[in-house]
Each structure stands twice: as C-alpha cells, then as structure tokens.
Undergrad: 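The structure under discussion is supplied below as structure tokens; questions concerning it will follow.
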Amino acid sequence: YNVADGTLFIDGQDVNSLSIRSVRESCAYVPQDNFLFSDTIANNISFGVPGYEQARIVEAAQLADVDENISQFQMGYETVLGERGVTVSGGQKQRLSIARVFLKDPAILILDEATSNVDSRTEQIIQDAMRRLMEHKTCFVIAHRLSTVRGADNILVLRDGDIEEQ
C-alpha cells in the first residue's frame, strides 16, 4: 500500500524517498501457507536471492533446522520438490521458508502465523529458528497463540481490526 509522506520510515528514511526495489530487498515475509516451487530444494531456498553459493544455502538450512531432513533425501539439496512442496511435510515447508529468509537476511521480517499448521514439537523447532532469525531485526509477528509472541517487545491484541489491548 502507498502511504502518505512522512508516515513510514526505514532506518530513519521516509519510505517514499526509497526505491521500491530497496524497500522490497529490506523486507522478508514468512506466510502461514508458504509457497514452494516445483524445483530443487536449493533453488527453493535461494528463490529471490540469486547468486548464493551452496555453502550459504546449507548454512541457512542448518539455521532453520531443516538440513538434517534435506540430507535424508537421496538427492539432498538437488531433490526436486513436487508442486507446492508436496514432497515435504508441513513443518519442513515452514522451515524451508525460514531458511529462505535466513539466506536473504533482511532488516525487516513479517511472520504471519508461521507455526499454526504444525505439531507442538515442530512448532518449538520453528520458533527456536525464528528467534535466531529475528535477532537485531524489526519483526512483525502475526499469531493467534500467545506463546508465539511471548518474547515480543510490544504485543497488540486486535479484534475486528481495532486495537483492543496493548
């Protein structure tokens, strides 16, 4: 959405004075229903961040706690995922999306119900990875579970689009 001049800033600069490309490069988004392509695991992790070496892709997967799962596939990082990632579990999809963000290393993160569709054990693994990911970054975490946002600096409770509690 376009915003009025002087209402939204990134690192002290009015967002409207920045190129749309630099704004997009500063941000990353992990949605509840992430999208994986019918391509290799390595290409899915490095999507939108071209030119990374395999070692950096592996490092991102390790930080997201999905490297061990990838290693179990016969082709490893060269395993081609089925359309929308049908080859991997829900938790693995989420961690691949988180690995993508680790590789990009943006200044601003938007995490939208990133753990809502996984079991409690997998949720804890994903949350641990996200805590590492969120260090020293501006993060917007959208969640229904209080446990997901427990460590946040500010928590807003919304009801019907209005701030009910802060």
Side-chain angles (χ1 to χ4, degrees), residues 1-39 41-66 81 84-85 90-118 123 125-166:
Y1 294 99
N2 292 325
V3 295
D5 288 347
T7 60
L8 183 61
F9 298 85
I10 296 178
D11 290 333
Q13 294 187 338
D14 188 328
V15 73
N16 291 327
S17 70
L18 303 171
S19 71
I20 190 69
R21 181 184 178 112
S22 68
V23 171
R24 288 181 178 159
E25 286 175 353
S26 297
C27 300
Y29 174 58
V30 178
Q32 175 180 0
D33 184 24
N34 54 63
F35 191 85
L36 297 176
F37 300 93
S38 182
D39 201 344
I41 291 173
N43 286 342
N44 268 282
I45 292 173
S46 65
F47 173 75
V49 191
Y52 276 100
E53 297 175 5
Q54 184 72 14
R56 292 265 297 133
I57 293 170
V58 171
E59 178 185 13
Q62 289 169 339
L63 290 168
D65 196 39
V66 72
L81 299 177
R84 296 194 50 83
Q92 290 168 336
K93 286 180 195 179
Q94 287 301 126
R95 287 180 282 157
L96 287 170
S97 290
I98 292 167
R100 186 182 288 163
V101 176
F102 268 117
L103 186 64
K104 183 175 182 181
D105 194 28
I108 300 168
L109 296 171
I110 302 167
L111 306 169
D112 186 2
E113 293 284 1
T115 61
S116 64
N117 292 325
V118 297
E123 177 185 20
I125 291 169
I126 292 171
Q127 285 184 352
D128 290 344
M130 287 193 308
R131 271 190 278 286
R132 289 190 301 272
L133 177 64
M134 294 188 297
E135 288 179 8
H136 312 293
K137 298 187 183 332
T138 298
C139 303
F140 297 92
V141 181
I142 301 153
H144 284 90
R145 296 182 202 147
L146 185 58
S147 63
T148 304
V149 296
R150 189 173 321 153
D153 295 331
N154 294 299
I155 299 173
L156 304 176
V157 179
L158 302 177
R159 184 176 308 279
D160 299 323
D162 295 319
I163 297 175
E164 183 175 276
E165 202 175 326
Q166 183 171 345

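Residues: numbered from 1 along the sequence shown.
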Undergrad: Are the side chains of Val66 and Ile41 in contact, using a 4.5 Å heavy-atom criterion?
TA: no
Undergrad: Mind listing the closest non-hydrogen atom pair of Glu25 and Lys104 along with its distance?
TA: O-CE, 3.5 Å
Undergrad: Nearest 0.5 angstrom please: Phe35 CZ to Leu96 CG, how far?
TA: 13.5 Å
Undergrad: Where is the tightest heavy-atom contact between Thr7 and Val3, given as atom of each residue plus distance?
TA: OG1-CB, 3.6 Å
Undergrad: Can you name the nearest heavy-atom pair linking Ala64 to Phe102, along with the distance?
TA: N-CE1, 3.8 Å
Undergrad: If you look at every heavy atom in Ala143 and Val149, which pair is closest and at what distance?
TA: CB-CG1, 4.1 Å
Undergrad: Has Glu113 got a side-chain atom pairing as donor or acceptor with His144's backbone, closer than 3.5 angstrom?
TA: yes
Undergrad: Flag the pair Asp105 and Lys137 as a salt bridge only when some basic side-chain nitrogen lies within less than 4.0 angstrom of an acidic carboxylate oxygen.
TA: yes
Undergrad: Give, for atom CG of Leu81 and atom CG of Asp39, the distance between the pair rounded to the nearest 0.5 Å.
TA: 8.0 Å
Undergrad: State whether the number of non-hydrogen atoms from other residues, nucleotides or ligands found under 6.0 Å of Ile163 atom CD1 is greater than 12.
TA: no
Undergrad: What's the spacing between Ser46 OG and Glu53 CD if we round to 0.5 Å?
TA: 12.0 Å
Undergrad: Do the charged groups of Arg131 and Glu135 touch, with an N to O distance under 4.0 Å?
TA: no
Undergrad: For side-chain contact (heavy atoms from CB on, under 4.5 Å), just list the numbers for Arg100 and Asn44, CA-CA rounded to whole Å, side-chain angles, deciding distance to a tenth of an Å, and then say yes or no.
TA: CA-CA 7 Å; Arg100 186 182 288 163; Asn44 268 282; 3.7 Å; yes
Undergrad: Determine whether a donor-acceptor pair (N or O, by modelled atom type, separation under 3.5 Å) exists between the side chain of Asp14 and the backbone of Gly6.
TA: yes
Undergrad: Do Phe140 and Ile108 come close enough that some side-chain heavy atom pair is under 4.5 Å?
TA: yes
Undergrad: Grab the two heavy atoms, one from Cys27 and one from Pro106, that are nearest each other, plus how far apart they are.
TA: C-CB, 3.8 Å
Undergrad: Give a yes or no on whether Phe47 atom CZ has more than 12 heavy-atom contacts from other residues, nucleotides or ligands under 6.0 Å away.
TA: no
Undergrad: Regarding Gln94 and Asn34, is there a side-chain donor-to-acceptor distance under 3.5 Å anywhere?
TA: yes
Undergrad: First locate atom CD of Gln13, then atom OG of Ser26, and finally report the distance between them rounded to the nearest 0.5 Å.
TA: 9.5 Å
Undergrad: Distance check, rounded to the nearest 0.5 Å: Leu8 atom CG versus Asn2 atom CG?
TA: 11.0 Å
Undergrad: In the structure I gave you, are the side-chain heavy atoms of Glu59 and Arg56 within less than 4.5 Å of one another anywhere?
TA: yes
Undergrad: Can any side-chain N or O of Arg95 pair as donor or acceptor with the backbone N or O of Gly91 at less than 3.5 Å?
TA: yes
Undergrad: Find the distance between CD1 (Ile57) and CD (Gln54) and round it off to the nearest 0.5 Å.
TA: 5.0 Å
